[in-house]
A.B. asks: 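Before we start, here is the structure in question, set down as structure tokens.
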Amino acid sequence: MADVDVWMYELSSVEGKQQRVTVHLHGGQSLKGAVVQLDRTRNTVVLDEYAHGSASTRHASPVHTILLTAIQAVTIHQEE
């Protein structure tokens, strides 16, 4: 469970901001987005792919709920 604590700590620093991150999952898949929510009881993170876009884009943007145990690495991108 130590990995879950590491990812919770790393992602909490950008939660609710429009900072872009890439979450690399075990098995090779990667998802990009902004962290809109960390669920500490379920150990999940919610990424919104286009949270930094216009209001109309944000409304229709894909949202991904990811188990923290599925995360292999996290890349926090520099602010644009």
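None of these values were measured; they are calculated from a predicted model. We count residues from 1, following the sequence as given.
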A.B. asks: For residues R40 and S12, report the shortest heavy-atom separation together with the two atoms involved.
C.D. replies: NH2-CB, 3.7 Å

A.B. asks: Would you say L68 and V45 make side-chain contact, with heavy atoms under 4.5 Å?
C.D. replies: yes

A.B. asks: Return the CG to NE2 distance between D3 and H26, rounded to the nearest 0.5 Å.
C.D. replies: 6.5 Å

A.B. asks: Check whether V46 and L67 end up in the same hydrophobic cluster, where Ile, Leu, Val, Met, Phe, Trp and Tyr are linked by side-chain heavy atoms less than 4.5 Å apart.
C.D. replies: no

A.B. asks: Heavy-atom distance under 4.5 Å between the side chains of D39 and T41, does that happen here?
C.D. replies: yes

A.B. asks: Do T22 and V74 come close enough that some side-chain heavy atom pair is under 4.5 Å?
C.D. replies: no

A.B. asks: Check whether any side-chain heavy atom of L47 lies under 4.5 Å from a side-chain heavy atom of V21, and answer yes or no.
C.D. replies: yes

A.B. asks: In Å and rounded to the nearest 0.5 Å, what is the CE to CD distance from M8 to E15?
C.D. replies: 8.5 Å

A.B. asks: Distance check, rounded to the nearest 0.5 Å: L31 atom CG versus T65 atom OG1?
C.D. replies: 10.5 Å

A.B. asks: Do other residues, nucleotides or ligands put more than 12 heavy atoms under 6.0 Å from R42 CZ?
C.D. replies: no

A.B. asks: Between OG1 of T75 and NZ of K32, what distance do you get to the nearest 0.5 Å?
C.D. replies: 9.0 Å

A.B. asks: Quick check: is V35 connected to V6 through a chain of hydrophobic side chains (ILVMFWY, heavy atoms under 4.5 Å apart)?
C.D. replies: yes

A.B. asks: Kindly say whether I71 contributes a backbone atom to a donor-acceptor pair with the side chain of H24 at under 3.5 angstrom?
C.D. replies: no

A.B. asks: What is the distance from atom CG of N43 to atom CD1 of I66, rounded to the nearest 0.5 Å?
C.D. replies: 13.5 Å

